[in-house]
Amino acid sequence: MSSQNLLKGKNMRSLSLRLKSFFTNSATIATKNFNLHKLEETPPKEAIVTKNEAIQYYKQMVAIRWLEEAAGKLYEQKMIRGFCHLQTGQEAIAVGIKAAMRPEDSLISGYRIHGLSYLMGLTLLEVIAELLGKQSGASKGKGGSMHLYGKNFYGGNGIVGAQVPLGAGIALASKYRKTGGVCFTIYGDGAAMQGQIFETFNMAKLWNLPCVFVCENNGQALSLANSTVTASGISKVETTNFYTLGNYIPGIQADGTDVITVREVAKFAINHIVLGKGPIILELVTPSVDLDHQDEISKRKDPIQLFRKSVGTAGMITEEEFKLIEESTKKEVEESVTQGLRDVEPGLQELKTEVYSLSLETQVKK
């Protein structure tokens with residue numbers, strides 16, 4: 001084939017994809033395999049995704065990736081102090097769960113919360129400024145990386161696993177108030193052997209709490225592989241199945257790199273609770289993301305590239321549209337970083353503010 005014919009063929013394929021994208025407003029996409037514990041029904045094996053949803057999910061995942069890249073660089077430059085735990089490579093979990101959530105649902109997590117904070121309503125500037133300790137931050141610069149909060153978002157927690165009993169408490173409040181909402185309580189595999197988590201499982205099952213326990217399993221705690229801290233990991237034959245550790249609580253293990261799979265398993269969990277079946281555990285398997293393990297993203301599955309290929313093949317988003325989303329999102333993050341760096345630090349007057357929500361100190365009789 002001549003070079004002219006080859007070029008003509010590529011142009012025709014490009015035109016074909018653009019036309020297909022124009023007319024394809026939705027597509028049916030297969031989900032990944034699920035492993036079940038004490039469940040008879042399984043989440044759907046395929047799901048319908050609209051073009052608007054595909055664009056939204058892709059933009060959100062790209063925004064989180066750029067946000068974390070910016071945070072990583074600022075941390076290396078010592079502009080961000082203290083700890084800075086990233087969600088790089090775990091974008092599909094955050095976006096998939098948020099896509100399944102209803103207005104009455106809530107969420108609490110550990111210390112990988114930058115992307116979750118953005119999805120739960122904070123602006124990129126509010127997240128970045130908070131990391132930088134600036135006045136425009138979500139907590140006015142007083143909380144930092146692990147203490148970002150928003151509507152129905154109870155933030156992160158610097159104490160490993162401590163958010164799990166808090167999540168059960170949020171679920172208890174929802175049940176008590178009859179809001180109909182569930183609480184997604186996210187923790188890592190490094191926290192999965194905490195005693196307080198097993199106590200929480202027991203109470204959640206006894207009280208039938210509307211709680212979805214989500215274990216993000218990236219195979220790596222803060223400094224150790226989970227095989228070194230779990231007895232089942234000692235054997236080369238056995239593996240730790242975190243979705244089964246609730247004993248009497250049903251569980252599902254799913255691919256945490258596939259945003260549609262995560263969305264569908266999260267929807268399944270909500271429905272499970274709405275039907276009065278009590279709490280459920282989700283184990284979402286994903287690449288390692290710590291600062292010292294960034295190369296894992298290239299060695300294993302990148303959720304953004306997987307989704308890009310999936311919806312691109314389905315003809316919902318063209319290459320031109322992908323590039324436009326990436327460029328506009330990167331620009332938005334860069335502008336937020338510039339604003340955050342220019343922002344001022346909180347003044348001394350902020351030192352004692354917001355310590356109590358409604359202080360009754362002056363009304364207490366001495």
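Heavy atoms only: backbone and side chains are in, while hydrogens, waters and symmetry mates are out.
Asn247 is not listed as a side-chain neighbour of Phe201, based on a closest heavy-atom distance of 4.5 Å or more. Residues Pro279 and Ile281 form no side-chain contact, since every pair of their non-hydrogen atoms from C-beta on lies 4.5 Å or further apart. Under the 4.5 Å side-chain criterion, counting only non-hydrogen atoms from C-beta, Asn208 is not in contact with Ile273.
The side chain to side chain contact (heavy atoms under 4.5 Å, CB included) test with Glu326 singles out one residue from Arg308, Lys59, Glu321, Lys331, and that residue is Arg308. Each of Asn241, Asn217, Asn35 was checked for a side-chain hydrogen bond (donor to acceptor under 3.5 Å, both in side chains) with Glu283, and the lone residue meeting it is Asn217.
Taking the six-membered ring where tryptophan is involved, the planes of His85 and Phe83 are essentially parallel, since the angle between them stays under 30° and well short of 60°.
The list of salt bridge (charged side-chain N to carboxylate O under 4.0 Å, His left out) pairs with a residue in residues 154-182, not counting sequence neighbours, is empty.
When the ring pair (Phe, Tyr, Trp, His ring centres under 6.0 Å) test is applied to Tyr248, no partner is found at least two apart in sequence or on another chain.
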(request) Output, in order, the C-alpha distance, side-chain angles, deciding distance and verdict of ring-ring contact (aromatic ring centres under 6.0 Å, His included) for Tyr154 and Tyr149. (result) CA-CA 6 Å; Tyr154 294 84; Tyr149 307 95; 8.4 Å; no
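A donor-acceptor pair is defined here as one N or O able to donate and one able to accept, closer than 3.5 Å; such a pair exists between the side chain of Thr179 and the backbone of Gly181. A donor-acceptor contact shorter than 3.5 Å is absent between the side chain of Thr31 and the backbone of Ala47.
With respect to the salt-bridge test (charged N to carboxylate O, under 4.0 angstrom), the residues Arg65 and Glu91 qualify. Using a 4.0 Å cut-off between a side-chain N of Lys or Arg and a carboxylate O of Asp or Glu, Lys301 and Asp255 qualify as a salt bridge. Under 4.0 Å is where a charged nitrogen must lie from a carboxylate oxygen, and between Arg263 and Glu53 at least one such pair does.
Annotation: Tyr58 is in aromatic contact with Phe322 [ring centroid separation under 6.0 Å].
Side-chain polar atoms of Thr286 and Asn218 form no donor-acceptor pair below 3.5 angstrom.
Here the OH atom belonging to Tyr243 is positioned 10.0 Å from the CG atom belonging to Leu39, to the nearest 0.5 angstrom. One finds the NE2 atom of His272 at 6.5 Å from the NZ atom of Lys277 (value rounded to the nearest 0.5 Å).
Cluster annotation: Leu132 is connected to Leu124 through the hydrophobic network of ILVMFWY side chains, with a link wherever side-chain heavy atoms come within less than 4.5 Å.
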